[in-house]
Peer 1: 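Can you read through this structure? Questions will come right after.
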2 protein chains.
Amino acid sequence: MLMPRKPAYDRDALIAKARDIFWRQGWAGTSLKDLERELKLKPGSFYAAFGSKDALYALTLESYANEGVARIKALAEKLGPKEALKAQPRLVIEAVENPTKACMLAKTFAELQAKDHDLADQAARHMTEMKACFAELFRSAQETGEIRADHDPDRLAARYQSDILGLRLSAERKDVDALEIAADIASDIDRL
Amino acid sequence: MLMPRKPAYDRDALIAKARDIFWRQGWAGTSLKDLERELKLKPGSFYAAFGSKDALYALTLESYANEGVARIKALAEKLGPKEALKAQPRLVIEAVENPTKACMLAKTFAELQAKDHDLADQAARHMTEMKACFAELFRSAQETGEIRADHDPDRLAARYQSDILGLRLSAERKDVDALEIAADIASDIDRL
DNA sequence: TATATACTTGAGTGATCGCTCAAGAAACCC
DNA sequence: GGGTTTCTTGAGCGATCACTCAAGTATATA
């Protein structure tokens, strides 16, 4: 007895579009008007589809984090763990398809942590996830002997992630040559 | 013929107080209500004293940057350039008087750059200023022979500042041992 | 003490915020 | 095509935004 009607939009495409807007403009910096205009959705459709601005933001964080993990894992598959870690800094600041260089998780965390917003926790969890991913790469690079075994892979991962966050923020600046920094981060890995 | 009346508040103290609020909560995250409550100023007095929210924010950025430059220069005076650069990472994440660990200039820049807001430019200029300050320390450490002369001090400064930005953001996370990262940044300087 | 001047107060401005909902349009099964 | 259900539309909700201003108060000089 069901007689439905399909939505006129592609939900995943809308989430990807919203991700780019939130990524660039932040949480408070993006209004419902912005989203309605860019997603071509009237308020009613928007709320029927996503429930709330925060709920959509959560979906975009999820999407962002999943793609990030997938990208680094694919890179490791292709280049091996050490070379993937070395290549990542340069790739991440050269990705022209990104709406901005800085990390969306870091931006979200920095903006909303003081408010104890749920989205800050969620961003933090995704960053922990990424850090674990980096640690695994350091660990397997140690197993293959590419990196000396007397380093703590978790510590290496924390430092590496911190460097990447700084790099990606620096890459937004006009007075900084982010490629030099990326190269220096990569060459640090050779010294391990 | 002038018959004035002094304000009941200490303007510099108010700016310092506002700085801490903006630093923690960001630009969009701080409402006039927040400021009026914390500064104990009614709207009329607020606008008579500072003109606008943005004008006050600009004053707080100025205050923040001036104190930052003064602190690093005092540290260099006391410890010498190399030891100052090595000490700074730890000191900056251990400063308990700060409302938050992350750098206010970086947070401002990240939040407002996409909007082409004047405050983003101003924050960027202050970061450039800080970078030049770091470069000068690297340069003088090279002159004393503490750091090898075959490094580009401007490049070292850009990398160092990028590392500090990442460190300070990392220091806000519960799952990261920022002291370890600070120690690793310091030991990197010994290898130069 | 009288008066001029600056500061303080708080109600209130129009604009925008995230969001709701009733009504109309469109697509499905029978 | 008829009937049912979902999707789409857009006016409009109360709350909050940054900000204004006229009236009241306090403090200086004369």
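Proteins come first, then strands; the chains are lettered A, B, ... in the order of their sequence lines, and each starts at number 1. Everything quoted here is computed from the prediction, not taken from an experiment.
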Peer 1: Can you measure A:L41 atom CG to D:dG10 atom P for me and round it to whole angstrom units?
Peer 2: 12 Å

Peer 1: Let me see the working for B:D175 and A:R125 under salt bridge (charged side-chain N to carboxylate O under 4.0 Å, His left out), right down to the final yes or no.
Peer 2: CA-CA 9 Å; B:D175 66 321; A:R125 282 196 299 275; over 6 Å; no

Peer 1: Counting side-chain heavy atoms from C-beta on, which of D:dT9, C:dC19, C:dT9 comes nearest to B:K42?
Peer 2: C:dT9

Peer 1: Between C:dG18, D:dT20, C:dC19, spot the one nearest the side chain of A:E36, thanks.
Peer 2: C:dC19

Peer 1: At under 4.0 Å, does any side-chain N or O of A:S45 touch on OP1 or OP2 of D:dC7?
Peer 2: no

Peer 1: Does a side-chain N-to-carboxylate-O contact under 4.0 Å join A:D163 and B:R159?
Peer 2: yes

Peer 1: May I ask you to say whether A:E36 pairs ionically with A:K33, meaning some side-chain N is under 4.0 Å from a carboxylate O?
Peer 2: no

Peer 1: Of all the nucleotides listed (D:dG10, D:dC17, D:dC19), which has the minimum atom distance to the side chain of B:S52?
Peer 2: D:dC19

Peer 1: Just how far, in rounded Å, is P of D:dC19 from CZ of B:F50?
Peer 2: 14 Å

Peer 1: Atom CG of A:D34 to atom C1' of C:dC19: distance rounded to whole Å?
Peer 2: 16 Å

Peer 1: Report the distance from atom CG of A:L39 to atom C1' of C:dG18, rounded to the nearest whole Å.
Peer 2: 15 Å

Peer 1: Report the nucleotide, chosen from D:dG10, D:dC19, C:dC17, that has the shortest atom-to-atom distance to any side-chain atom of A:K33.
Peer 2: C:dC17

Peer 1: Using a strict 4.0 Å threshold on nitrogen-to-oxygen distance, state whether B:R155 and A:D177 make a salt bridge.
Peer 2: no

Peer 1: Atom CG of B:L32 and atom P of C:dG12: how far apart are they, to the nearest Å?
Peer 2: 19 Å

Peer 1: Does A:K17 pair with A:D10 as a salt bridge, N-O distance under 4.0 Å?
Peer 2: no

Peer 1: What is the distance from CZ of A:R37 to C1' of D:dG10, rounded to the nearest Å?
Peer 2: 17 Å

Peer 1: Would you kindly give the CZ-to-P distance between B:F46 and C:dT8, to the nearest whole Å?
Peer 2: 14 Å

Peer 1: Taking the side chain of B:K53 as its heavy atoms from C-beta onward, which of C:dC17, D:dA18, C:dC19 lies nearest to it?
Peer 2: D:dA18

Peer 1: Counting only side-chain N and O atoms of B:Y47, is one of them less than 4.0 Å from OP1 or OP2 of D:dT20?
Peer 2: no

